[in-house]
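Step one of this worksheet: look at the structure below.
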Amino acid sequence: MTIRVRIAPSPTGNLHIGTARTAVFNWLYAHNQEGKFVLRIEDTDLERSRSEYTENIKSGLEWLGLTWDEGPFFQTQRLDKYTAAIQTLIDRGLAYSCYCTPEELDKMRENQKAKGLAPRYDNRHRNLSSEEKAAFEAEGRKPVIRFKIDDDREIVWQDKVRGRVSWQGSDLGGDMVVARAGETEAIGQPLYNLAVVVDDIDMAITHVIRGEDHIANTAKQILLYEALGAKVPEFAHTPLILNQDGKKLSKRDGVTSIDDFRKMGFLPEALANYMTLLGWTPPDSTEEIFTLEEAATKFDLGRVNKAGAKFDWAKLDWINSQYLHKMPANELVELLIPYWQSAGYEVNLDSDRSWLESLTAMVTPNLTRLANVVEETKLLFGESVEYTDEAIEFLKQEGVDLVLQEAITAIEEADTLETADAKGIIKQVTKSQKVKKGLVMRSLRAGLTGEMHGPDLIQSWVLLNQKQLDRGRLSKALSLI
RNA sequence: GGUGCUGUAGACAAAUUGGUAAAGUCACCUGCCUUUCACGUAGGGGUUUGCGGGUUCGAUCCCCGUCAGCACUGCCA
């Protein structure tokens, strides 16, 4: 039998890191089992669903490399199927009309809480007589459809991650609503648990892999599978992603959408790599850098952790830096150009390309996120330099002025400045001024960049020279002394 | 309030019929490399396995209790 899994996001927001991680696990399992990965958009909440979120979810999954084999399917295009399933439940006597108003239900729960009882629906309309129903109808009340949940029933399943899980029917909150009240139609909009089950049956999903916040839903859904006479799939509940405080990562934590991560300069391969590690450990592995394909060959739901996975920015940064550092400059430069542009640096895409590529090669080891490039290269752009106190102090040391003076003269005499030329000048100045090479290097660094630390000095100088910025900067430094 | 789950170094975590506690990765510290920072590389420190009992020759693992954290408890998904 072909393994079939799915990711079923609701388009009520941008693609969230938690959804994406669930997608990762589903994708890995599908690829490990040579199965199919299905994308289904759960848009039955008409109030909150937006088509732009659907687009964001699709593009986010694609960006991460989480390609789906089938879909996207939309629940709003399948409403007939849900209505038919609900009708089946009614016909079988497993579901019924409930005329309670939201206000009545609120009051009921308040009373229960006041008495120290667990809030739940008390199944009060389960056995309404036809006269009672007619009376509610006459009042103009529109019923929801509730699915009967036997309080005495124990629901048990073998979870692929958590082992045996059991749930008592009485802890499921009473008979569950499967359809909203309809305006004119007898059966209104279907609700999540019903739609999910109908779809998973219809799409022949064999393994439902989702977050552990769905565990109670799984118990309810198993009852629906049985009521609809369908085979119950396997379930695997993955741990939640936690923030630094150990709470479920939510929008309040700031950066949580895949879009945000992309804008901050994380590479899709790195982010996907990190997400595989959120709750899963590769077997006998000492290597944590790998592609989704590599991870898929080793992926096993049995090695998924039960404890929540705390989100670790430092580790994500490290993984991202590993990918960045391995990337060839001619590819990386293309990713960096938008960051320079949005920072307002003057970048001529025709004439500057090779200069930018050299610049990229120089600062690559310093990059953790793409966006860092703005800060890391700011000293190489523009006429003006801001000198740090440390640099000014250094420049005022005895002999520095003469070093800079001679360097300026040397630049003026040279047509172009290659790496070898720069080295030659440094050697020449060192000799004629009778100082240590380190003093010359640091003098040039302070004079050219205004700082005492930074990327390779000779390369920096060559790049500045190509932009004809070196002489002016050194002269300015001299004027400060 | 109820139900469920989880608890191993700062973080992610390994230890899969109970067998010397802690592999590995990140972070941290140190040496090397470098004009410097970073990268790289070679080392290093860090644990009463939440706590208390029990079973056992032996417990991170099984049992009981306890504490803490989290999730769920909708005419949301």
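Letters A, B, ... mirror the listed sequences (proteins, then strands); counts begin at 1.
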Could you go over nucleotides 69-72 of chain B and give all protein N or O partners under 3.5 Å, atom names and distances?
from	atom 1	to	atom 2	distance (Å)
B/C70	OP1	A/K247	NZ	3.0
B/C72	OP1	A/K248	NZ	3.0

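- Between A/F311 and A/Y274, the gap from one ring centroid to the other is short of 6.0 Å.
- Listed nucleotides B/C76, B/A11, B/G74 differ in distance to A/K310; the shortest reach to its side chain belongs to B/A11.
- Between the side chain of A/R303 and the base of B/U16 there is at least one donor-acceptor pair of N/O atoms closer than 3.5 Å.
- Residues A/F299 and A/F25 bring their aromatic ring centres within 6.0 Å.
- Here A/C98 lies out of heavy-atom contact (under 4.0 Å) with every strand.
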Taking protein heavy atoms under 4.0 Å as touching, what does nucleotides 26-32 of chain B look like 5' to 3' if B marks base contact, S marks sugar-phosphate-only contact and - marks none? SS-----

When every nucleotide of nucleotides 62-68 of chain B is labelled 5' to 3' by its protein contacts under 4.0 Å (heavy atoms), B for base, S for sugar-phosphate only, - for none, what sequence of letters results? -------

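- Residues A/R473 and A/L464 share a closest heavy-atom pair of NH1-CD2, 3.5 Å.
- Atom pair A/L395:CG and B/U35:P shows a separation of 19 Å (rounding to whole Å applied).
- Distance check on atom C1': B/A9 versus B/G52 gives 23 Å, rounded to whole Å.
- Of the charged side-chain nitrogens involved, none lies within less than 4.0 Å of a carboxylate oxygen, so that A/D199 and A/R6 do not count as a salt-bridged pair.
- Taking atom C1' in both B/G4 and B/U8, the straight-line distance is 23 Å, to the nearest Å.
- A/R120 has no side-chain polar atom (N or O) that falls below the 4.0 Å cut-off from OP1 or OP2 of B/G1.
- One finds a side-chain N or O of A/N305 lying less than 4.0 angstrom from the OP1 or OP2 phosphate oxygen of B/A14.
- Formation of a donor-acceptor pair under 3.5 Å by the A/S49 side chain with backbone atoms of A/L46 is not found in this model.
- Taking the centre and axis of the six-membered ring of A/Y121, the NZ or CZ atom of A/R146 falls inside the cone set by 45° and 6.0 Å.
- Using a 4.0 Å heavy-atom criterion, one finds that A/R210 contacts no nucleic acid atom at all.
- A salt bridge links A/E104 with A/R141: at least one charged nitrogen is closer than 4.0 Å to a carboxylate oxygen.
- Using a 4.0 Å cut-off between charged nitrogen and carboxylate oxygen, A/R120 and A/D151 count as a salt-bridge pair.
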Under a 3.5 Å cutoff on both atom distances, Watson-Crick or G-U, what's the dot-bracket for RNA chain B ([ ] crossing, | other strand)? (((((((..(((......[....))).(((((.......))))).....(((((..]....))))))))))))....

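- Between A/E110 and A/K113, none of the side-chain N atoms (NZ, or NE/NH1/NH2) sits under 4.0 Å from a carboxylate O, so this pair counts as no salt bridge.
- Under the ring pair (Phe, Tyr, Trp, His ring centres under 6.0 Å) criterion, no residue pair touches residues 420-452 of chain A, with sequence neighbours excluded.
- At the heavy-atom level, A/I215 lies nowhere under 4.0 Å from the strands shown.
- Contacts of A/G302 with the nucleic acid, taken as non-hydrogen atoms under 4.0 Å apart, are absent.
- Take A/Y29 and apply the side chain to side chain donor-acceptor pair (under 3.5 Å) test, not counting sequence neighbours, and it matches A/H207.
- By the side chain to side chain donor-acceptor pair (under 3.5 Å) test, A/N330 pairs with no residue at all, sequence neighbours left out.
- Between A/R146 and B/C75, a side-chain N or O to OP1/OP2 separation shorter than 4.0 Å is present.
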Extract all donor-acceptor atom pairs below 3.5 Å that involve side chains of residues 417-428 of chain A and protein atoms in other chains or at least two apart in sequence.
from	atom 1	to	atom 2	distance (Å)
A/D421	OD2	A/E418	N	2.6
A/Q428	NE2	A/E406	OE2	3.0

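- The shortest side-chain heavy-atom distance between A/I17 and A/L271 falls under the 4.5 Å cut-off.
- Using a 4.0 Å cut-off on heavy atoms, the residues of residues 170-184 of chain A that approach RNA chain B are A/D171, A/V177, A/R180, A/A181, listed by number.
- A/A195 comes within 4.0 angstrom of nothing in the nucleic acid, heavy atoms only.
- A salt bridge between A/R124 and A/D122 is present, with a side-chain N of the basic residue lying under 4.0 Å from a carboxylate O of the acidic one.
- In this view, A/F136 and A/Y99, A/H125 satisfy the ring pair (Phe, Tyr, Trp, His ring centres under 6.0 Å) rule, not counting sequence neighbours.
- In this structure, A/D456 reaches the bases: a heavy-atom distance under 4.0 Å links it to at least one base atom across the strands shown.
- Remark: the separation of the C1' atoms in B/C29 and B/G45 is 7 Å, to the nearest Å.
- Residues passing the side chain to side chain donor-acceptor pair (under 3.5 Å) test with A/R162 are A/E212, sequence neighbours excluded.
- Annotation: proximity of residues 40-47 of chain A to RNA chain B (heavy atom, distance under 4.0 Å) is found for A/E42, A/T44, A/D45, numbered in ascending order.
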